[in-house]
Every structure is written in structure tokens, then in C-alpha cells.
Amino acid sequence: MQKFMQSMIWKKIKKPFQVGLFIAASFFLSFVALHFSEGMLRAVIEEVMGAFIAVIAFTSTLSVLLFNYVDGISKDVAGIKGVKEKIQLAISRLDALKREIIETAVLMIVLLVIELAFKGISSAFIDKINDPTHLIEWTILSIRFTCFTLAILAVWEQVKGLLVAIEFRSLLFKGKKF
């Protein structure tokens with residue numbers, strides 16, 4: 001019983017823990033890279049950050065596509081004749097996937113706003129702060145870069161969700177029962 005409870009707890013905290021590690025690693029690696037390059041990588045990071053808007057546009061489009069695709073699958077599943085419990089389970093999991101799609105789209109907007117806010121803070125105050133170690137500047141840039149890498153992670157999760165949805169739909173069309 002105790003092992004089962006530990007397994008259930010791990011399932012609940014596994015993804016947030018992994019995302020937290022990803023955030024920490026992204027921040028740490030970008031800060032360390034800036035420190036050891038003595039700020040030379042700032043230009044590279046800034047150029048990469050220019051793709052943030054494209055990532056947001058791609059994710060928004062993908063979210064609409066994926067939501068409609070999953071919604072279509074839900075309608076297909078609802079029309080299947082078979083064991084009601086299994087059909088209800090499939091529909092509830094598809095509904096959870098649709099909620100996750102919406103949450104990802106909102107997350108992307110929040111990340112963009114955070115990144116732009118820190119960009120504004122940086123351009124407004126960095127010149128006024130006398131910081132010869134560049135600690136504040138590199139911290140802000142590392143936070144911005146972490147937002148960007150978290151957005152890339154969200155895109156990756158969205159693409160994985162699309163692949164699962166495609167597989168799910170092909171199972172439906174093959175006539176397999178759940």
C-alpha cells in the first residue's frame with residue numbers, strides 16, 4: 001500500500017518537478033554561459049530571443065489546429081457503440097487534452113508578457129544601474145531566455161499531444177475497440 005501511495009504521489013509531482021528542473025537548468029546554463037563568456041554570448045541570446053514571436057505564432061496556430069482535431073476525435077468516439085465505461089474514459093481523457101491545449105496557449109501568452117516585461121525593465125534601467133559585474137543584466141537576460149526555452153518545451157509537449165491524437169484517430173479508423 002505504501003509503495004502504491006508513493007507511486008501515486010510521484011505521478012502527481014513528476015511533471016511539475018521536471019518542469020522546475022528544466023527552468024532551473026535553463027536559467028543556470030544561460031547565466032553561466034554569459035558569465036564565462038564575459039557577456040559575449042549576450043548577442044547570440046538576443047538573436048535567439050527574436051524568434052520568440054514566431055514560436056508564439058506557431059504555437060497559437062498549432063493550438064487551434066490541435067483543439068479542432070481533438071474535438072473531432074471526441075465526436076468520433078462519442079459515436080462508437082461499445083462498452084460505455086471505456087467510451088466515457090476516452091472522452092474524459094480527450095477533454096483533459098483539450099484543457100491542456102488551452103492551458104498551453106495561455107501559458108505561451110503569459111511567457112511572452114513576462115519576457116517583454118523583463119526586456120522593458122532591462123532597457124529602462126540597465127543603463128542607469130552602475131553594475132560592473134553585469135549581475136543584474138545577466139540575471140534579467142537569463143530570465144528572458146528561460147521564458148523562451150520554456151515556450152520551446154511547451155511547443156514540444158503540444159507536438160507530442162498532436163502525435164498522440166493522430167495515433168488515437170488512426171486507431172478509431174482501424175475499427176479497434178477500446
Side-chain angles (χ1 to χ4, degrees), residues 8-71 93-168:
M8 293 299 291
I9 291 170
W10 176 245
K11 283 183 182 179
K12 286 193 179 277
I13 66 169
K14 182 180 177 183
K15 191 169 185 174
F17 180 73
Q18 289 172 336
V19 170
L21 278 177
F22 182 84
I23 290 168
S26 177
F27 177 84
F28 178 76
L29 290 174
S30 61
F31 189 86
V32 167
L34 285 164
H35 176 72
F36 283 117
S37 71
E38 296 177 355
M40 301 280 267
L41 287 177
R42 183 178 201 273
V44 174
I45 292 173
E46 288 286 349
E47 283 298 316
V48 170
M49 296 296 298
F52 206 166
I53 298 296
V55 170
I56 298 296
F58 175 77
T59 307
S60 300
T61 304
L62 183 62
S63 294
V64 170
L65 169 89
L66 186 55
F67 187 89
N68 288 330
Y69 193 76
V70 171
D71 194 46
R93 288 199 176 154
L94 288 166
D95 287 343
L97 180 57
K98 288 193 287 188
R99 276 190 301 280
E100 187 175 322
I101 293 165
I102 292 169
E103 289 168 0
T104 300
V106 170
L107 171 68
M108 297 301 278
I109 292 168
V110 168
L111 288 173
L112 180 64
V113 169
I114 291 170
E115 190 273 329
L116 290 174
F118 275 98
K119 183 178 181 180
I121 290 169
S122 178
S123 51
F125 297 111
I126 289 300
D127 293 339
K128 293 170 181 65
I129 298 172
N130 186 12
D131 182 17
T133 62
H134 302 284
L135 179 66
I136 296 170
E137 178 183 1
W138 294 346
T139 299
I140 289 174
L141 187 57
S142 294
I143 290 169
R144 291 180 55 217
F145 187 71
T146 299
C147 288
F148 177 75
T149 58
L150 193 55
I152 296 295
L153 180 65
V155 168
W156 175 251
E157 290 294 321
Q158 199 87 311
V159 168
K160 285 186 349 187
L162 178 61
L163 295 175
V164 168
I166 289 169
E167 186 177 323
F168 198 77

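The basis for the numbers below is simple: all heavy atoms, side chains too, and nothing from hydrogens, waters or symmetry mates.
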Nearest-0.5 Å distance that lies between atom CG in Leu135 and atom CD1 in Ile140: 10.0 Å

As a quick check of understanding, evaluate side chain to side chain contact (heavy atoms under 4.5 Å, CB included) for Cys147 and Phe52, giving each step before the final call. CA-CA 9 Å; Cys147 288; Phe52 206 166; 4.3 Å; yes

What I'd like to find out is whether the side chain of Leu112 reaches to under 4.5 Å of the side chain of Val55, using heavy atoms alone. no

Say you draw a straight line from CD of Glu115 to CG of Leu150; how long is it, rounded to the nearest 0.5 Å? 12.5 Å

Nearest-0.5 Å distance that lies between atom CD in Glu46 and atom CZ in Arg144: 4.5 Å

Expected output: side-chain Asn68 to main-chain Val64 donor-acceptor under 3.5 Å: yes

Between the main-chain N or O of Phe118 and the side-chain N or O of Ser122, is there a donor-acceptor pair closer than 3.5 Å? no

Grab the two heavy atoms, one from Leu34 and one from Leu41, that are nearest each other, plus how far apart they are. CD2-C, 4.0 Å

One pair to check against side chain to side chain contact (heavy atoms under 4.5 Å, CB included): Leu62 and Ile101. What are the steps and the verdict? CA-CA 9 Å; Leu62 183 62; Ile101 293 165; over 6 Å; no

Do the side chain of Thr104 and the main chain of Ala154 share a donor and acceptor less than 3.5 angstrom apart? no

Smallest separation among heavy atoms of Gly161 and Leu97, with atom names: O-CD2, 4.4 Å

In the structure I gave you, are the side-chain heavy atoms of His35 and Trp138 within less than 4.5 Å of one another anywhere? yes

Asp71 versus Lys98, closest heavy-atom pair with distance: OD1-NZ, 3.0 Å

Tell me whether Ser26 contacts the main-chain N or O of Phe22 through its side chain, where contact means a donor paired with an acceptor under 3.5 Å. no

Any side-chain heavy-atom pair from Val70 and Leu66 closer than 4.5 angstrom? yes

How long is the gap from CD on Glu137 to CZ on Arg42, to the nearest 0.5 Å? 4.0 Å

Euclidean distance, Leu162 CG relative to Leu65 CG, rounded to 0.5 Å: 6.0 Å

With a 4.5 Å cut-off on side-chain heavy atoms, are Ile56 and Leu111 touching? no

Indicate the atoms forming the closest heavy-atom contact of Met108 with Thr59, along with that distance. CE-OG1, 3.3 Å

Please report the closest heavy-atom contact between Phe148 and Val48, naming both atoms and the distance. CE2-CG1, 3.4 Å

Between CZ of Phe125 and CD1 of Ile136, what distance do you get to the nearest 0.5 Å? 11.5 Å

Has Tyr69 got more than 12 heavy atoms of other residues, nucleotides or ligands less than 6.0 Å from its OH? yes

How far apart are the C-alpha atoms of Met49 and Lys119, what are their side-chain angles, what is the distance that settles it, and do they pass the side chain to side chain contact (heavy atoms under 4.5 Å, CB included) test? CA-CA 10 Å; Met49 296 296 298; Lys119 183 178 181 180; over 6 Å; no

Please lay out, stage by stage, how Leu141 and Phe31 fare under the test side chain to side chain contact (heavy atoms under 4.5 Å, CB included). CA-CA 8 Å; Leu141 187 57; Phe31 189 86; over 6 Å; no

